[in-house]
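What follows is a single structure, written as structure tokens, with notes after it.
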Amino acid sequence: MTSIDAKSTTDTDLDAIFGPIFDRIAHGAVEREVDRRLPFEEVGWLREAKFGALRVPVEFGGYGATVRQLFRLLVELAAAESNLPQALRVHFAFVEDQLLAEPGEDRAHWLRAAAGGTLVGNAITEPGVGAVDHYRTRLTKDGDRWLLNGTKYYSTGSLYADYILAAADRDGERVGVLVDANADGVRQHDDWDGFGQRLTASGTTEFADVAVEPERIVGPGYGASGPTYATSYLQLVQLSVLAGIAKRAERDAREWVAARTRGYTHSAADLPRQDPLVQQVIGRISAAAFAAEATVLAVADVLDEVLAGGAQDEPSIVAAELAAAQAQLTVIDLVLPATTLLFEVGGASIVSERLRLDRHWRNARTISVHNPAIQKARAIGDYLLNGTQLPFAWSAGERKPATGDQQ
């Protein structure tokens, strides 16, 4: 692996380290999609290169990267394999929480652990009733320790992780609990059945009397009321995935056209790459990819300022949330059409199963349903027109009908 002086880490330095790894990951993307092979080996390459320690300060063994540098690399990783940034989403938020924590042994421990390759997954969302009222996953007292019991779904990335950040209810209080992924009583299932993002390991996690030491209760956890940087941060990882998908879609379409010699009798040129209509399609996909990435990095700059200030300034946090919500609507509207448009550059052969170019649209469509865009659009409008606070915590589950509502 290339070594650098992380005190002066530049984009060039980071590209020298991670560019070759991303290329190796991209090389097997179609085969993994066909075989539905979870990328454990590829995650291992990222561990070895300390990708999970991008934001960890140099003194703790990390790269000390900026927020912008992190998200730029997440876009590039998504272009290689769109499942991986999503799988690492909560890990990077966990690292960010440690950076914001008060100096102490726990903070130093987890930052050094991240620099050593430790990864953190999540178990937050619950099936059925979910967490609209309170989590059904419970943390109960058992002598000097606690016991965790419950079932979670969409446990994205946890099969790749060393620890699982679980959301639970403790006597009516929402708490985050850090659990060893291989602890007694933890069962994980790769049962995610979506038509896209199939390799994120977003399956079910069961906790049955899992012992939790008091120091592993790490705060209020996801869903606590009030403004937080975390929701815009987590959303921006999803948008990085979309931007990366657009980049890969443009590259794949361009490479396919460049090598193609078959055309139509009524085409404007002998070779597809010389056809002005085909050139126009490639240009439009390229523009969508550029704009999607630029939008992601613009929000990353806003978050960089929020986090540099300790994520304490509420107006700045609200501004970041608004920017991420607006970006979500923009990026989705750029990427989904682009991943459909790419098929216009060829005939029936471009839909060959061996190419799996449909995975770009399937992956983009799947990632786009997280925190539904129609609800985000409404929330933005309500905030701008009426000053209604933006919803920072997006919990999913069955709601009880209001009094007078029909069942």
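Residues take their numbers from the sequence shown, with the count starting at 1.
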Spacing of Phe51 atom CZ and Leu84 atom CG [to the nearest 0.5 Å]
9.0 Å
Arg174 NZ/CZ over Tyr135 ring centroid, <6.0 Å and within 45° of normal
yes
Using modelled atom types and a 3.5 Å cut-off, is there a donor and acceptor pairing between side-chain atoms of Glu81 and backbone atoms of Asn83?
yes
Charged N-O contact under 4.0 Å between Glu96 and Arg55
yes
Does Phe71 have its ring centroid less than 6.0 Å away from the ring centroid of Tyr233?
yes
Walk me through it: do Arg359 and Asp252 pass the test side chain to side chain contact (heavy atoms under 4.5 Å, CB included)?
CA-CA 12 Å; Arg359 79 186 190 278; Asp252 285 351; 3.7 Å; yes
Taking 4.0 angstrom as the limit, do Asp180 and Arg216 come out as a salt bridge?
yes
Here the pair of heavy atoms bringing Thr205 nearest to Ala123 is CB-CB, 4.5 Å
Is it the case that atom CZ in Arg37 sees more than 12 heavy atoms from other parts of the structure closer than 6.0 Å?
yes
More than 12 foreign heavy atoms under 6.0 Å from CD of Glu173: is that the case here?
yes
Do Trp192 and Tyr153 have side chains that get closer than 4.5 Å, going by heavy atoms?
yes
Could you go through Ile21 and Glu48, starting from their C-alpha distance and side-chain angles, then the distance that decides it, and tell me whether this counts as side chain to side chain contact (heavy atoms under 4.5 Å, CB included)?
CA-CA 10 Å; Ile21 297 172; Glu48 185 179 357; over 6 Å; no
Any non-hydrogen side-chain atom of Ile332 less than 4.5 Å from a side-chain atom of Ile367?
no
Of the non-hydrogen atoms in Ile164 and Asn122, which two are nearest, and what is the gap between them?
CG2-C, 3.8 Å
Are the side chain of Ser267 and the backbone N or O of Ala269 linked by a donor-acceptor pair below 3.5 Å?
no
Does any non-hydrogen side-chain atom of Phe92 lie less than 4.5 Å from one of Val120?
no
Listed partners of Arg112 passing salt bridge (charged side-chain N to carboxylate O under 4.0 Å, His left out), at least two apart
none
Between the side chain of Ser158 and the main-chain N/O of Gly121, is any donor-acceptor distance below 3.5 Å?
no
Can you check whether Ile217 reaches Arg170 side chain to side chain, under 4.5 Å on heavy atoms?
yes
Can you tell me how far the OG atom of Ser82 sits from the CD atom of Gln197, to the nearest 0.5 Å?
3.5 Å
Six-ring centre of Phe207, Lys152 cation under 6.0 angstrom, axis tolerance 45°:
no
For the student: nearest non-hydrogen atoms of Ala211 and Leu147, plus distance
CA-CD2, 4.0 Å
Taking only Lys NZ, Arg NE, NH1 and NH2, and the carboxylate oxygens of Asp or Glu, determine whether Arg251 and Glu255 approach each other closer than 4.0 Å.
no
Contacts table for residues 376-393: side-chain donor-acceptor under 3.5 angstrom, sequence neighbours left out:
{"unit_1": "Lys376", "atom_1": "NZ", "unit_2": "Gln235", "atom_2": "OE1", "d": "3.1"}
{"unit_1": "Lys376", "atom_1": "NZ", "unit_2": "Gln328", "atom_2": "OE1", "d": "2.8"}
{"unit_1": "Asp382", "atom_1": "OD1", "unit_2": "Asn386", "atom_2": "ND2", "d": "2.7"}
{"unit_1": "Asp382", "atom_1": "OD1", "unit_2": "Thr388", "atom_2": "OG1", "d": "3.1"}
{"unit_1": "Asp382", "atom_1": "OD2", "unit_2": "Thr388", "atom_2": "OG1", "d": "3.3"}

Over 60° means perpendicular and under 30° means parallel, so tell me whether Phe18 and Phe22 are parallel, tilted or perpendicular.
parallel
Could you give me the CA-CA distance, side-chain angles and deciding distance for Asn363 and Thr366, then say whether side-chain hydrogen bond (donor to acceptor under 3.5 Å, both in side chains) is met?
CA-CA 5 Å; Asn363 290 338; Thr366 299; 5.6 Å; no
When you compare the side chains of Gln69 and Thr9, does any donor N or O come within less than 3.5 Å of an acceptor on the partner?
no
With a 4.5 Å heavy-atom cut-off, do Arg198 and Glu33 have their side chains touching?
yes
With side chain to side chain contact (heavy atoms under 4.5 Å, CB included) as the criterion, how do Arg273 and Arg254 come out once you've worked through the C-alpha distance, each side chain's angles and the decisive distance to 0.1 Å?
CA-CA 9 Å; Arg273 67 176 181 272; Arg254 175 160 42 89; over 6 Å; no
Please enumerate all residues that pass salt bridge (charged side-chain N to carboxylate O under 4.0 Å, His left out) together with Asp162, with sequence neighbours excluded.
Arg47
Donor-acceptor under 3.5 Å (Arg138 side chain, Asp169 main chain)
no
Could you report the tightest heavy-atom contact between Thr339 and Leu342, atom names first, then the distance?
O-CD2, 3.6 Å
Among all residues two or more places apart in sequence or in another chain, which pass the salt bridge (charged side-chain N to carboxylate O under 4.0 Å, His left out) test with Arg72?
Asp11, Asp15
Below 4.5 Å, heavy atoms only, C-beta onward: do Trp110 and Leu178 meet side chain to side chain?
yes
Would the number of heavy atoms belonging to other residues, nucleotides or ligands and lying under 6.0 Å from CZ of Arg36 be above 12?
yes
What's the spacing between Leu77 CG and Gln86 CD if we round to 0.5 Å?
12.0 Å
What distance do Asn371 atom CG and Gln375 atom CD have between them, rounded to the nearest 0.5 Å?
10.0 Å
What is the minimum heavy-atom distance between Pro272 and Val257, and which atoms define it?
C-CG1, 4.0 Å
Consider only side-chain N and O atoms of Thr204 and Asp191, and report whether a donor and an acceptor are under 3.5 Å apart.
yes
Can you find a heavy atom in the side chain of Ile350 that is under 4.5 Å from one in the side chain of Val345?
yes
Work out which heavy atom in Ser202 is nearest to a heavy atom in Thr156; give both atom names and the distance.
OG-OG1, 2.9 Å
Do side-chain atoms of Arg248 reach the backbone of Ala26 as a donor and acceptor pair under 3.5 angstrom?
no
Measure the spacing between OH of Tyr63 and CG of Leu70 and express it to the nearest 0.5 Å.
13.0 Å
For residues 287-304, dump all side-chain donor-acceptor pairs below 3.5 Å to protein atoms at least two apart in sequence or in another chain.
{"unit_1": "Glu293", "atom_1": "OE1", "unit_2": "Lys247", "atom_2": "NZ", "d": "3.2"}
{"unit_1": "Thr295", "atom_1": "OG1", "unit_2": "Ala291", "atom_2": "O", "d": "2.7"}
{"unit_1": "Asp301", "atom_1": "OD1", "unit_2": "Arg68", "atom_2": "NH1", "d": "3.2"}
{"unit_1": "Asp301", "atom_1": "OD2", "unit_2": "Arg68", "atom_2": "NH1", "d": "2.8"}
{"unit_1": "Asp304", "atom_1": "OD2", "unit_2": "Val67", "atom_2": "N", "d": "3.3"}

Mind checking salt bridge (charged side-chain N to carboxylate O under 4.0 Å, His left out) for Arg24 and listing every partner two or more places apart, or none if nothing turns up?
none
Quick one: does Arg362's side chain have a donor or acceptor within less than 3.5 Å of a partner on Phe195's backbone?
yes
Are Thr137 and Thr151 close enough that some pair of their side-chain heavy atoms sits under 4.5 Å apart?
no
Glu206 and His189: side-chain donor and acceptor closer than 3.5 Å?
yes
Stepwise, does the side chain to side chain contact (heavy atoms under 4.5 Å, CB included) test hold for Glu42 with Leu46?
CA-CA 7 Å; Glu42 290 76 9; Leu46 294 173; 6.0 Å; no
Within 6.0 angstrom of Glu105 CD, more than 12 heavy atoms from elsewhere
no
Nearest-0.5 Å distance that lies between atom CD in Glu250 and atom CD1 in Ile245
14.5 Å
